[in-house]
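The structure appears below as C-alpha cells.
Since the model is a prediction, treat every value here as computed from it, not as a measurement.
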Amino acid sequence: MKILFIVMGILSLFTSCSGKKEKLLIKNIVIMKIPINLSVYLIVLFFTLTACGERTDGLYGTRYSRSELEEMGVNTEHLFIFDGDKISYNGKEFWPGMSIEEVTEIFGEPYTRTYKGKAFFHEYITYFWDDWGVMVSTQLRDSIQTVMMVDIRWNLTIGKALELANDDDLRDLVKSMKEDNPKTYFKGNILVGGVPLGRMTNVKKDFMEENELLFFERFEGEGIVEYMVMDSYDYTKLKNFNIEDRYIFYYTILMSTDYTKTESFMCILNKYYL
C-alpha cells in the first residue's frame, strides 16, 4: 500500500508536464513493478521538480525569458502563444468567441481598417492590425460582432493564382484576396504548442515532429495542416454559444507551394460536424 501511495504521488507531480520525454517517463514508472524505498522516491521527486516543473518566471509568466524567446526568433513585442488549452497575447488570455471590443482591448491598439465580405451563408467583417500583420474576422451573433478567426500572416502568394485565373470573376476574386490582407506581414515567430512558427519554418520537417500538439495534413499535396483543440480547452468560456451548437477551435497552418515556408497561421472557431 505504501508503494502505491508513493507511485500515485509521483504521478500527480507529473500531471503538469507536457513534454514527450516526461510522458515516456510516466509510462516507465507505471510499468515498473519493483519495491520503491524512500531514497528512490526522493530522487524521483527531486528530478520531477527540477527537470519537469513548468517554469512561470519567464516573460509574461511563460516558461521562457525574453532573451530565450528572442534566440528562437519569437516576436516579443507581439507575443502570441497558442497551446492546447490557452491562447494569449503578451500574457493576456483571449479566444475566438469574444467580442471584437474585448480583443481590441487586449491587443492594446486599435485596428487600422475593416473589410466587409460574404462567405457561403454568412457575412463577416475583417479587422486589420496592418502594422502587425494580423487579421481578426467576426460574425454577428446576438447583435455582437463575435470573433471567429485570428489570422497571422507572413506571406500570401497570389501571383500564381492570377496567372491561373481564366476568367474575370476569378481574377476579381484573387484581387479581392489581396485587399483582404494586411498591408505588412508579421515579423518573427509565434509559439504554437511550445514550438516557434514563422515564415522560414519548415512545417512538415521540423515543426510537426517537435510539437506537443498533434498536427495532421488535411489532404495530401494541399499544403495545409491542422490541429483540433478538443477536450483540453474549456469551451464554457465561450459567450453567446450554446453547448448544443457544437463549436470547436482548430489551428490551421498554410504552407508555401514547395512546403518549405509558412504563409499563415489561423485559429478558427467553427461548427464541429463529426
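Rounding to the nearest 0.5 Å gives a distance of 8.0 Å between CD1 of I144 and CD of E102. Rounding to the nearest 0.5 angstrom, the gap separating the NZ atom in K204 from the OG1 atom in T260 is 11.5 Å. Taken from CD1 in I152 to CZ in R199, the straight-line distance is 15.0 Å, to the nearest 0.5 Å. The line from CE of M72 to OH of Y64 is 5.0 Å long, rounded to the nearest 0.5 Å. Note that the CZ atom of R153 and the OG1 atom of T262 stand 13.5 Å from one another [nearest 0.5 Å]. Here the CD1 atom belonging to I100 is positioned 9.0 Å from the CD1 atom belonging to I125, to the nearest 0.5 angstrom.
Of all heavy-atom pairs spanning M135 and P182, the tightest one is SD-CD, 3.4 Å. Of all heavy-atom pairs between G193 and N211, the closest is CA-OD1, 3.4 Å. Considering every non-hydrogen atom in both C267 and Y251, the closest pair reads SG-CE2, 3.7 Å. Across all non-hydrogen atoms, the minimal contact from L213 to D83 is CD1-C, 4.2 Å. Taking every heavy atom of both residues into account, K205 and N202 meet most closely at N-OD1, 3.1 Å. The shortest heavy-atom contact between V203 and M255 is CB-SD, 3.6 Å.
The aromatic rings of F186 and H78 sit tilted relative to each other, their planes meeting at an angle between 30° and 60°. Ring geometry, F107 versus W132: the interplanar angle falls from 30° to 60°, so the pair is classed tilted.
With hydrogens and angles disregarded, no donor-acceptor distance shorter than 3.5 Å links the side chain of D130 to the backbone of R113. Of the possible polar contacts, one joining the N90 side chain to the L79 backbone as a donor-acceptor pair under 3.5 Å is found. Using modelled atom types, one side-chain atom of W154 and one backbone atom of G188 make a donor-acceptor pair closer than 3.5 Å. One N or O on the side chain of S65 and one on the backbone of E68 form a donor-acceptor pair closer than 3.5 Å. A donor-acceptor pair under 3.5 Å is formed between the side chain of N75 and the backbone N or O of K187.
Salt-bridge annotation for E212 and R63: present, with a side-chain N of the basic residue lying under 4.0 Å from a carboxylate O of the acidic one.
Across T104, T112, T114, a single residue satisfies side-chain contact (heavy atoms from CB on, under 4.5 Å) together with Y127, and that is T114.
Two different hydrophobic clusters hold L197 and M200 under the rule that ILVMFWY side chains link at heavy-atom gaps under 4.5 Å. Cluster annotation: V103 is not connected to L140 through the hydrophobic network of ILVMFWY side chains, with a link wherever side-chain heavy atoms come within less than 4.5 Å.
By the 6.0 Å contact criterion, CD on E109 is enclosed, its count of non-hydrogen atoms from other residues, nucleotides or ligands being greater than 12. Annotation: Y124, atom OH; neighbour count of heavy atoms from other residues, nucleotides and ligands within 6.0 Å is above 12.
Here the side chains of T146 and Q139 are not in contact, with every heavy-atom distance at 4.5 Å or above. Side-chain contact between S264 and N155 is absent, with no heavy atoms from C-beta onward closer than 4.5 Å. Side-chain contact between N270 and I248: absent, with no pair of heavy atoms (C-beta onward) separated by less than 4.5 Å. For the pair Y115 and F128, the minimum side-chain heavy-atom distance is below 4.5 Å. Side-chain atoms of I253 and I224, non-hydrogen and from C-beta on, never get closer than 4.5 Å to each other. Considering only heavy atoms from C-beta on, P196 stays 4.5 Å or farther from T201 through its side chain. Contact of the Y259 side chain with the E217 side chain is registered, since non-hydrogen atoms from C-beta on lie closer than 4.5 Å. Within the 4.5 Å cutoff, the side chain of I81 has no heavy atoms near those of the I190 side chain.
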>> Before you tell me yes or no, could you show the steps for L191 and L69 under side-chain contact (heavy atoms from CB on, under 4.5 Å), namely the whole-Å CA-CA distance, both residues' side-chain angles and the distance that decides it to 0.1 Å?
In response: CA-CA 9 Å; L191 278 180; L69 289 168; 3.7 Å; yes

>> For V134 and F80: C-alpha separation, side-chain torsions, deciding distance, then whether side-chain contact (heavy atoms from CB on, under 4.5 Å) applies.
In response: CA-CA 11 Å; V134 174; F80 284 95; 4.1 Å; yes

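In this structure, F207 has its ring center under 6.0 Å from that of F215. If you look at F94 and Y89, their ring centroids are not closer than 6.0 Å. In this structure, the ring of F82 has its center less than 6.0 angstrom from the ring center of F265.
For T138, the side chain to side chain donor-acceptor pair (under 3.5 Å) partners at least two apart in sequence or on another chain are Q145. Remark: T126 engages S137 in a side chain to side chain donor-acceptor pair (under 3.5 Å) (not counting sequence neighbours). With sequence neighbours excluded, the residues satisfying side chain to side chain contact (heavy atoms under 4.5 Å, CB included) with E70 are R66, T76.
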